[in-house]
Amino acid sequence: MATFAVIEFPGSNCDHDAYYAVKHVLGQRAEFVWHKDTDLRGADVVVLPGGFSYGDYLRTGAIAKFSPVMSQVRAFADAGGPVIGICNGFQVLLEAGLLEGALLRNRRLKFLCRHVHVRVEQVDTPFTGEAMGGQILKLPIAHGEGNYYAAPETVSTLEANHQVVFRYCAAAGERSDTANPNGSINAIAGVCNRRRNVVGLMPHPERACESALGSEDGRVILESAVAAVLSAGVA
Amino acid sequence: MKTRVFVTLKPSVFDPQGRTIVQALGSMGYAAVRDVRQGKYFELDVDTDSEEAARMLATEVADRLLANPVIESYRVEVEE
Amino acid sequence: MKTRVFVTLKPSVFDPQGRTIVQALGSMGYAAVRDVRQGKYFELDVDTDSEEAARMLATEVADRLLANPVIESYRVEVEE
Amino acid sequence: MDQATIDSHGLSADEYRRLVGILRREPTITELGIFSVMWSEHCSYKSSRLYLSRLPTDGPRVVQGPGENAGAVDIGEGLAAVFKIESHNHPSFIEPYQGAATGVGGIIRDIFTMGARPIALLNSLRFGGLDDPETRRLVDGVVAGIAGYGNSIGIPTVGGEIAFEPSYAGNPLVNVFCLGVAKVDGLAKGLASGAGNPVYYVGAKTGRDGIHGATMASAEFDEHSADNRPAVQVGDPFMEKLLLEACLEVMQTDALVGIQDMGAAGLTCSTCEMGARGDAGIEIDVSLVPQRETGMSAYEIMLSESQERMLLVARQGRESEVERVFEKWDLHAVRIGHVTEDEVLRVRNGATVVAEIPNRQLADEAPLYDRPTQVPGYLDEVQQLALEVLAAPGELVGAWRQLLAAPVIANKRWVYRQYDHMVRTNTVVGPGLTAGVVRIKGTDRALAMSVDGNGRYTYLDPREGARLAVAEAARNVACTGGEPIAATNCLNFGNPERPDIMWQLAEAIEGIGEACRSLEIPITGGNVSLYNETDGEAIYPTPVLGVVGLIEDRARVLTRVFPEAGLDIVVLGDPMGALGGSEYLKVSYELVRGRPAPVDLARERALQRVLVAMARERLIRSAHDCAEGGFAVTLAECCIAGAGVGATVELPPVDGSDDRFGLVRALFGEAPSRVVVSVASSERDRLLEVARAASVPAVVIGQTGGERVVIGVDGAEVASLGLDEAEHVWEHGLSRHFESVDSAA
Ligand SMILES: Nc1ncnc2c1ncn2[C@@H]1O[C@H](COP(=O)(O)OP(=O)(O)O)[C@@H](O)[C@H]1O
Ligand SMILES: [Mg+2]
C-alpha cells in the first residue's frame with residue numbers, strides 16, 4: 001500500500017477530495033499534513049491539493065510557498081520522491097520554483113469550471129506511468145488563473161526535454177484554439193521537472209475518480225503513483 | 001504619451017488582501033511592515049502629445065472604467 | 001515611513017486584463033488609448049525613519065513576496 | 001433624546017414610546033442605535049411576523065424549525081440537513097460584486113453556526129432586461145461575486161435560477177441558499193447560558209462598515225441613494241474559510257455552550273439573541289473588541305456589520321481548548337465578556353456602562369404590525385386576457401426558437417461555469433439539469449435541491465403564484481427522484497406600508513402555507529426582504545422557494561436528459577397548458593397578462609409521489625418538469641441538454657380546434673403538475689399501471705431518437721426543429737449578451 005501525504009494550507013479546499021480519492025476510491029493510505037508540520041508522515045507520494053491557499057490573495061500560491069512544510073516537500077522532491085500539485089497545488093509548486101513557469105489569469109478573465117480533455121504527452125513520470133502515450137483524459141477544471149506561461153526559451157526547453165506532461169485537446173485528441181480553455185501557451189495543462197518526479201497540472205484528477213461524478217479518467221494519474229511506489233518498493 | 005493611474009481602496013474600505021500580506025510578512029520576519037494596502041496600477045499609452053489632454057483622458061477613463069467609485073479612489077500621473 | 005511598490009507584468013508577457021480594458025475603452029469611444037497594462041500597487045507602512053532602510057526593506061519584500069520574477073518586475077518608491 | 005436623532009434612527013413615535021417603556025428611562029445613544037437595528041424590518045419582521053406564524057413548520061423530520069440560524073431536518077442515519085435562504089438585494093445593487101459575495105458569506109455562516117458542514121449552494125437572481133448595459137454590468141458583478149466567494153471557500157454551487165424582467169431593473173434580487181449536513185445530536189445552538197461563562201469574539205476586526213446596514217435593507221431606494229453611498233462591506237472568503245474550519249473543529253469539543261454569527265445588526269443582534277434564547281444575560285466590554293479603525297465609539301462597535309465575525313460562549317475552565325483551536329487556524333479568539341444571570345444585555349466601554357437593556361424585551365417584544373391590506377388597483381386589469389384582440393399567432397417553429405433563446409429558458413452555462421460546482425466531489429447532478437443533487441459521503445443517500453419562483457405569476461396572482469412556486473420547486477426535486485422533505489423561502493416584496501403591497505405579501509404567504517400544508521412540506525426557515533422599490537415602483541412580488549428532497553439510493557438519481565434512442569416518452573399529469581402569464585405571451589406579444597394556470601394541490605401531490613416511486617423502482621429513465629415555455633420547450637430541453645437524442649411525439653387532439661391559439665396553447669401553454677418522462681418500452685405498461693393506481697394521468701406520446709424534435713397533433717406534424725438548430729439558439733440566448741467566458745463549447 002502506498003501512503004499519500006495531502007498537504008493542507010489555510011484555504012486549501014480540495015484537500016478532502018484528494019484524501020477521499022486516495023483512501024476511499026483507490027484504497028490506499030492517506031494522511032493530512034498541516035502546513036506548519038515538518039514531518040511528512042512517512043509519505044510515499046506528496047499531494048499539494050487545489051483550493052485557494054491564503055485566499056489566493058496577492059497571487060495564487062504566493063504566500064503558501066513560505067509555509068514551513070514546503071522545505072520538507074522540497075527535500076522530498078530533491079530525494080526523488082513523487083510530488084503532484086493539482087490546480088492551486090500546481091500554482092504553489094511554480095511559485096516555490098519546484099516547477100518552471102507561471103500561471104496568469106484565464107484568457108477570458110473569468111473563473112471557469114467544466115470538463116475538458118487533455119492528452120497524456122509523457123508516460124515516464126510517476127503520475128502517468130499507467131497511462132498510454134497519447135491517451136485522452138476527460139477531467140474537470142475549476143480555476144481563474146490557469147493560463148500557463150513561461151518565457152519562450154523556457155518553453156522550448158520544456159518541450160525539448162519532454163517536460164510537458166498534459167496538453168489540452170479536443171475530445172478526439174486534436175489540438176485547437178477552442179480546446180484550450182484558458183489561453184495556456186502551447187496548450188500546456190501540466191508539466192514536470194527535469195528529474196520528472198514533480199508534476200503539476202491545472203485539471204483535477206481527484207474529481208474524476210468515480211463514474212457517478214461524470215468521469216473516472218483521473219484515476220490513472222493517482223493509480224500511476226501507486227504503481228510507481230510499489231514497483232520502487234519491489235526494486 | 002504614457003499615463004499612469006493608481007486605483008486604491010478608499011481608506012474606510014477593508015482590504016483583506018493587504019491584511020493577509022501583512023500577516024504573511026509578519027511570519028516571514030518582516031514585522032517592521034506595519035500595514036499594507038493593495039491597489040491597482042495601470043499604464044496607459046495615450047495617443048496625444050499634450051500632457052493636458054493625456055491627463056484629461058486618463059482621468060475620464062479612470063472615472064468611468066478603471067476605478068469603482070463606490071469603494072475606490074484613483075490618482076492620475078502623466079509621465080513628463 | 002510610507003513606501004510604494006509597483007508590480008507590472010514584464011513587457012513580453014501577455015496581459016489579458018489590459019487587452020480587455022483596451023477593447024472596452026475602444027467600444028466606449030476612447031480609441032486614443034492605444035494600450036493598457038495592468039499591474040499591482042502596494043502601499044507599505046514601514047516602521048522606520050530612515051528612507052534608506054525603508055527602501056531596502058520594501059525592495060526585499062517586493063523581491064521575495066510581492067512580485068513573481070518569472071512574469072513580473074517591480075519598482076520601489078519611498079515617500080519623501 | 002431629540003426628535004431628529006430619533007427620526008434618523010427610523011423609529012416611529014410609538015416605537016420610541018415602547019422603547020422608553022421597556023427601559024423606564026430615556027435611552028443612551030448606543031441604546032437607541034441598538035433598538036433601531038433590532039426593531040428594523042430586517043431584524044424584527046415586524047410587518048410579516050403575523051402572517052409567517054401561520055406557515056406549517058412541523059413534520060416528522062423537522063429537527064429545528066424557524067427561530068435558530070437555520071432550519072434542520074432529519075435525513076436518516078443520524079444526520080440532519082441544515083439549510084436556509086437569504087437575500088442580499090440592496091447591497092448587490094450598490095456594489096454587485098461585494099454585495100453578492102457578502103450575501104454568500106452570510107448564508108454560509110448561518111449554516112456552519114448550526115454545527116453543519118456546508119456542502120452546497122444555490123442562488124436565485126432577478127435583474128432588469130438584458131438590453132440595458134447597466135443590467136449586464138450588474139449581472140456580471142453579481143455572478144462574479146457569488147463565484148468569488150463560493151469558489152474560494154470551496155462550497156459548490158449546484159444550481160439556481162436567473163430571470164429578467166423590467167420590474168427588477170432598479171432593484172435586482174440576489175437570494176442565496178446554502179445547505180449543510182450535521183449530526184442530528186451535534187447541532188449547535190445560538191444561546192448563552194451559565195453565568196460566568198466567557199463570551200468570545202473571533203474573526204475579522206470590527207470596522208465602521210455597514211453601520212446601519214440593517215436599517216438600509218429596510219428603507220426603499222430613492223434617487224439620493226446613489227449619492228449618499230453607504231459604506232460597502234468587502235467580503236473576505238479566506239477569513240470565512242478559516243472561521244468555518246475552526247468553528248467546526250471547536251464544536252467537536254464540548255467546550256462550547258453556544259455560537260452565533262454576527263450578521264445583520266452585528267454584535268447587537270448576536271449578544272441579545274444569544275442571551276434571550278438562553279434565559280441569560282450577556283455583559284461585554286466593547287473596548288476589548290478587535291477594531292480595524294481608530295476612535296470607534298461604542299455605538300459604532302455595536303452596530304457595525306463587518307463581515308466574517310462570530311460570537312461564542314465557552315464553558316468556564318475550558319478556555320484554553322477553545323483558544324488553541326482558533327490559534328491553529330491563525331485566528332485569535334478574544335474574550336470580550338461573560339454570561340450573566342440577569343437577562344440583561346449590558347455593554348460597557350471600559351469602566352462606563354453605555355447600554356443596559358432587558359434582552360428578552362429587545363428581542364421578543366419588538367413591535368408587531370397588522371398592516372392594512374388592499375387589493376392592488378392593477379390586478380383586475382392585468383388578469384384580463386382577451387386573446388381575440390391579439391394578432392394571429394405566428395409560425396410555431398419561429399416561436400419555439402424564440403422561446404428557446406429567451407434568457408430565462410436559454411442555457412445558463414455562462415453563469416454556472418463561473419461557479420465551481422464540483423468541489424467536494426459530491427455533485428451527482430450539477431447545474432443545468434433542473435435540481436442539483438449532492439451525495440452524502442459515507443451513506444448511499446443524496447439530497448436534491450431547487451430554488452424556484454416566477455415573479456410574473458405572483459404579480460398576476462400573488463396567492464396562486466406562491467402556490468405555484470412551492471409546487472415547482474418540489475416538483476423539480478421530485479423529478480430527480482428526491483422526496484421533498486422541507487422548504488425554506490425568501491419573500492422579496494415592496495414597501496409593506498403600502499396596503500396593496502401588504503396585500504401581495506399576505507396573499508403570497510397564505511399561498512405558500514396552503515401549498516406546503518397540502519404537499520406536506522414543512523417550512524423550516526426563511527428570510528423576508530421588503531422595501532424592494534425604486535422611486536415608488538415596486539418589483540414584482542417575488543417569493544422564492546427552496547425545497548430539499550431526500551434520495552435514499554443515489555444510484556437512482558434521474559435527470560431530464562433522454563439517455564438514449566428508442567425509449568417511450570410519456571406525459572404524466574394534465575397535458576394542456578394555459579397562456580396566462582406565459583413566456584410565450586411575453587416573447588411573442590410583449591404581454592404580461594392573464595392568470596397563471598392554478599395548481600390542484602392534491603393532483604400535484606399525487607404526481608410528485610408517483611415520480612419518486614417510479615424513480616425508486618427504476619421505472620423511468622428521465623424526468624423533466626414543464627415550466628416556462630411549456631411542453632415544446634420542455635421536450636427540446638430533454639433532447640439537447642445531453643448527448644443529443646431527438647424525439648418524435650404526437651399530442652392528443654386540441655380542444656376547441658377552431659381557436660386560433662389552440663396549438664399555441666398545446667405547445668407553449670404553461671401549467672403545473674406536468675412532467676415529461678422517458679421509459680424503456682418493456683416497462684411502459686408497468687408505468688401506466690403505477691400511474692393509474694395513483695390516479696395520475698399518463699399518456700404515451702412518442703419515442704426518443706433521431707436528429708430532430710418533431711411534434712405532431714392529432715395525426716399531423718405541426719412543428720419540427722433540428723437538434724443542432726435547437727441547441728444553437730438555446731446555447732446562445734443568454735451568453736450572447738456577454739463576453740464569452742470560454743472559447744470552447
Ligand atoms: N443563477 C444560477 N446559478 C446556478 N445555476 C443556475 C442559475 N440559473 C440557472 N441555473 C441552472 O440552469 C438550469 C436551468 O434553469 P431553469 O431554466 O430555471 O430550469 P428549470 O426550468 O428546470 O427550473 C438549472 O439546472 C439551474 O440550476
Ligand atoms: Mg425554473
Side-chain angles (χ1 to χ4, degrees), chain B residues 1-11 15 17-50 52-67 72-79, chain C residues 1-11 15 17-50 52-67 72-79:
Chain B
M1 192 148 245
K2 211 141 185 213
T3 320
R4 317 196 292 177
V5 178
F6 305 84
V7 175
T8 48
L9 284 173
K10 289 181 181 168
D15 176 13
Q17 301 209 69
R19 197 234 27 230
T20 305
I21 294 169
V22 176
Q23 279 188 352
L25 288 174
S27 64
M28 289 164 70
Y30 297 106
V33 181
R34 280 184 299 212
D35 191 27
V36 176
R37 304 271 298 170
Q38 177 166 348
K40 293 175 198 150
Y41 167 64
F42 301 88
E43 289 176 352
L44 276 60
D45 179 8
V46 182
D47 188 8
T48 173
D49 288 334
S50 142
E52 202 33 46
R55 180 183 307 279
M56 269 183 53
L57 187 65
T59 304
E60 205 176 312
V61 159
D63 201 57
R64 290 194 56 193
L65 186 69
L66 302 181
E72 294 170 329
S73 44
Y74 63 89
R75 190 159 45 85
V76 173
E77 276 178 14
V78 182
E79 202 154 87
Chain C
M1 191 151 248
K2 216 155 185 197
T3 320
R4 314 198 293 177
V5 178
F6 303 85
V7 175
T8 47
L9 283 175
K10 289 180 177 168
D15 175 13
Q17 305 192 69
R19 197 232 20 215
T20 304
I21 293 169
V22 175
Q23 282 177 351
L25 288 175
S27 68
M28 288 163 74
Y30 297 105
V33 181
R34 281 184 298 215
D35 190 29
V36 176
R37 307 270 302 167
Q38 177 165 348
K40 292 174 193 154
Y41 167 64
F42 301 89
E43 289 176 352
L44 275 60
D45 179 9
V46 182
D47 188 8
T48 172
D49 289 333
S50 143
E52 204 30 49
R55 180 182 308 280
M56 270 183 52
L57 186 65
T59 305
E60 200 176 315
V61 159
D63 200 58
R64 288 195 61 196
L65 182 67
L66 301 182
E72 295 168 328
S73 44
Y74 63 87
R75 191 158 44 83
V76 173
E77 278 178 14
V78 181
E79 202 155 87

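The shown structure was predicted, so the numbers you read here are calculated from the model rather than taken from an experiment. Both backbone and side-chain heavy atoms feed into the values below; hydrogens, waters and symmetry mates do not. Numbered from 1 within each chain, the chains take letters A, B, ... in sequence-line order.
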Colleague: Quick one: which of B:Gln17, B:Glu43, B:Met1 has the most heavy-atom pairs under 4.5 Å with chain C, could you say?
Modeller: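 Of the options given, most contacts go to B:Glu43.
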
Colleague: Chain B heavy atoms under 4.5 Å from C:Thr3: which part of the residue, side chain, backbone, both or neither?
Modeller: neither

Colleague: Please look at C:Leu65 and chain B and tell me whether the side chain, the backbone, both or neither of the residue comes under 4.5 angstrom of a heavy atom of that chain.
Modeller: side chain

Colleague: Can you list everything that forms a side chain to side chain donor-acceptor pair (under 3.5 Å) with B:Gln38? Sequence neighbours excluded, please.
Modeller: none

Colleague: Pick one of side chain, backbone, both or neither for B:Leu57, based on which atoms fall under 4.5 Å of a heavy atom in chain C.
Modeller: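 For B:Leu57, the contact with chain C is made by the side chain alone.
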
Colleague: Using a 4.5 Å cut-off on heavy atoms from C-beta on, say whether the side chain of B:Val36 contacts that of C:Leu66.
Modeller: no

Colleague: Has B:Arg4 got its NZ or CZ under 6.0 Å from the middle of the six-membered ring of C:Tyr41, at an angle within 45 degrees of the ring axis?
Modeller: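 No, a cation-pi geometry is absent between B:Arg4 and C:Tyr41.
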
Colleague: Using atom types as modelled, flag every donor-acceptor pair under 3.5 Å from a side chain in residues 20-34 of chain B to any protein atom, sequence neighbours excluded.
Modeller:
unit_1, atom_1, unit_2, atom_2, d
B:Thr20, OG1, B:Pro16, O, 2.8
B:Ser27, OG, B:Ala24, O, 3.0
B:Tyr30, OH, C:Glu60, OE2, 2.6
B:Tyr30, OH, C:Arg64, NH1, 3.2
B:Arg34, NH1, C:Asp47, OD1, 3.2
B:Arg34, NH2, C:Asp45, OD1, 3.3

